[in-house]
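What follows is a single structure, written as structure tokens, with notes after it.
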Amino acid sequence: MSERKSGLYIAYPKTNRLRPTWHNQKTLVNHQHTKVGQTANFDSTRNRYRQVGHDVVVKVLVYCAAEHAKAAEYSLLEEMHSKFELVPCPDGRVRTKEWFATGDYDRVALAMELIEVFKRIERIEDEDNNDDDNAAAEQGESATRATIGRLEETPMRYRLGRTPKLTAPRNEKTWRRIEEKLTATREAEFDELVRWCTGHDHPRGGKGFVKYCIEKGWLTEIAE
């Protein structure tokens with residue numbers, strides 16, 4: 001069995017003493033805060049916290065390939081953004097994208113919720129990879145069984161749905177572009193939405209962001 005080194009994790013300090021997240025960083029964290037992240041090596045991540053004097057617990061969420069973890073981190077951070085505020089610096093500015101003010105929130109429950117998010121990502125990616133193999137079988141199925149993994153091949157149209165709660169600057173910027181366009185056009189096909197998200201700063205790109213918006217209900221399919 002190959003050694004499992006990379007994947008996704010949550011981390012949190014054990015004490016109430018506020019310490020910087022890293023050398024010379026202005027964000028201060030303690031046991032009231034939780035980080036969600038991805039790493040190519042769990043041992044290196046644990047050692048990093050020890051180097052800055054942090055007594056930090058690093059809990060593995062899932063083991064997976066480093067490149068897969070990097071792409072999946074986006075969806076896990078979005079899930080956290082929908083539940084918690086980012087930790088501000090003493091001057092009130094927010095400089096972190098991964099540390100959240102979780103207070104006394106049950107971290108076991110939090111870990112389970114994030115694992116479920118990862119499983120949803122896995123299912124979506126499996127559907128993407130199996131599109132060609134499943135095309136013939138899907139021809140006879142009901143249109144209601146179309147999945148997010150096949151959206152780019154289906155001329156479905158979408159409109160604005162629920163209002164999202166976004167805190168990551170890159171996501172806010174891309175969502176504003178979608179919102180402005182759909183306010184003017186009222187609806188758009190999947191491929192058109194992806195084009196509007198060209199240049200989205202994430203490994204999964206604009207297509208991944210559009211899929212996530214649909215999954216969260218921020219973009220709603222228009223029934224024929």
Side-chain angles (χ1 to χ4, degrees), residues 8 35-38 67-88 93-101 110 113-131 138 142-224:
L8 296 151
K35 177 183 178 179
V36 174
Q38 56 83 24
E67 61 272 16
H68 193 178
K70 187 174 182 179
E73 181 189 31
Y74 164 81
S75 293
L76 269 63
L77 288 175
E78 281 296 336
E79 184 72 13
M80 291 294 289
H81 285 307
S82 71
K83 294 179 178 293
F84 308 105
E85 297 294 330
L86 288 165
V87 179
R93 296 180 62 185
V94 175
R95 293 183 172 87
T96 181
K97 296 180 180 180
E98 300 173 334
W99 280 96
F100 298 87
L110 174 60
E113 291 170 13
L114 294 176
I115 289 171
E116 287 302 312
V117 172
F118 181 81
K119 288 179 179 178
R120 289 201 300 271
I121 299 167
E122 290 279 271
R123 288 195 293 270
I124 291 170
E125 291 182 352
D126 285 344
E127 288 159 2
D128 278 339
N129 294 334
N130 292 329
D131 273 346
E138 289 180 357
S142 168
T144 57
R145 298 192 61 187
T147 61
I148 291 178
R150 293 184 56 79
L151 291 175
E152 65 271 28
E153 299 178 8
T154 309
M156 297 177 182
R157 299 188 69 80
Y158 296 86
R159 58 177 173 78
L160 292 173
R162 296 189 296 110
T163 301
K165 181 181 178 182
L166 300 169
T167 55
R170 63 185 177 191
N171 299 335
E172 289 181 337
K173 179 180 179 181
T174 303
W175 175 256
R176 281 199 302 270
R177 195 181 310 151
I178 292 176
E179 195 172 39
E180 289 173 359
K181 294 282 190 179
L182 282 179
T183 298
T185 64
R186 295 183 179 276
E187 60 184 60
E189 291 185 1
F190 181 85
D191 287 345
E192 191 171 12
L193 291 167
V194 172
R195 284 196 297 273
W196 294 345
C197 298
T198 298
H200 183 66
D201 183 20
H202 189 269
R204 297 180 70 191
K207 182 182 290 186
F209 184 70
V210 172
K211 289 181 179 180
Y212 187 75
C213 291
I214 294 170
E215 179 186 359
K216 300 295 285 187
W218 304 334
L219 295 171
T220 304
E221 179 185 345
I222 298 175
E224 296 183 355

>> How about CD on E85, more than 12 heavy atoms from neighbouring residues, nucleotides or ligands closer than 6.0 Å, or not?
In response: no
>> Could you go through F100 and L77, starting from their C-alpha distance and side-chain angles, then the distance that decides it, and tell me whether this counts as side-chain contact (heavy atoms from CB on, under 4.5 Å)?
In response: CA-CA 10 Å; F100 298 87; L77 288 175; 3.9 Å; yes
> What closest approach, in Å, do L182 and R159 show between heavy atoms, and which atom pair accounts for it?
Replying inline: CD1-C, 4.1 Å
> Step by step, would you call R170 with Y74 a side-chain contact (heavy atoms from CB on, under 4.5 Å)?
Replying inline: CA-CA 11 Å; R170 63 185 177 191; Y74 164 81; 4.1 Å; yes
> Between atom OG1 of T183 and atom CD of E180, what is the distance when rounded to the nearest 0.5 Å?
Replying inline: 7.5 Å
>> Using 0.5 Å steps for rounding, measure from the CD atom of E187 to the CG atom of L160.
In response: 11.0 Å
> Looking at Y212 and E79, what are the two nearest heavy atoms and their distance?
Replying inline: OH-N, 3.5 Å
> Given L110 and V36, is the side-chain contact (heavy atoms from CB on, under 4.5 Å) satisfied, shown in steps?
Replying inline: CA-CA 10 Å; L110 174 60; V36 174; 5.7 Å; no
>> Surrounding NZ of K181 (heavy atoms of other residues, nucleotides or ligands, distance under 6.0 Å), is the total greater than 12?
In response: no
> How far apart are the closest heavy atoms of A72 and L8, and which atoms are they?
Replying inline: CB-CD1, 4.0 Å
>> Pair D191, W196 - check side-chain contact (heavy atoms from CB on, under 4.5 Å), show working.
In response: CA-CA 9 Å; D191 287 345; W196 294 345; over 6 Å; no
> Does a side-chain N-to-carboxylate-O contact under 4.0 Å join E98 and K35?
Replying inline: yes
> Measuring from R157:CZ to E221:CD, what's the distance to the nearest 0.5 Å?
Replying inline: 12.0 Å
>> Surrounding CZ of R186 (heavy atoms of other residues, nucleotides or ligands, distance under 6.0 Å), is the total greater than 12?
In response: no
> Is any side-chain heavy atom of T220 closer than 4.5 Å to a side-chain heavy atom of Y158?
Replying inline: no
> So, are E116 and K119 salt-bridged, with charged N and O less than 4.0 Å apart?
Replying inline: yes
>> What's the separation between atom OG in S75 and atom NZ in K216, rounded to the nearest 0.5 Å?
In response: 9.0 Å
> Is the closest side-chain heavy-atom distance between L193 and K207 below 4.5 Å?
Replying inline: no
> Could you state the interatomic distance from CD (E179) to CG (L219), rounded to the nearest 0.5 Å?
Replying inline: 10.0 Å
> Side chains of L86 and W99: closer than 4.5 Å at any heavy-atom pair?
Replying inline: no
> Are any of the side-chain heavy atoms of W218 and I178 separated by less than 4.5 Å?
Replying inline: no
> Does the pair R177/E172 count as a salt bridge with the N-to-O cut at 4.0 Å?
Replying inline: no
> Salt bridge check: are E113 and K83 linked by an N-O gap of less than 4.0 Å?
Replying inline: yes
> Where do C197 and F209 come nearest, in terms of heavy atoms and distance?
Replying inline: SG-CD2, 4.1 Å
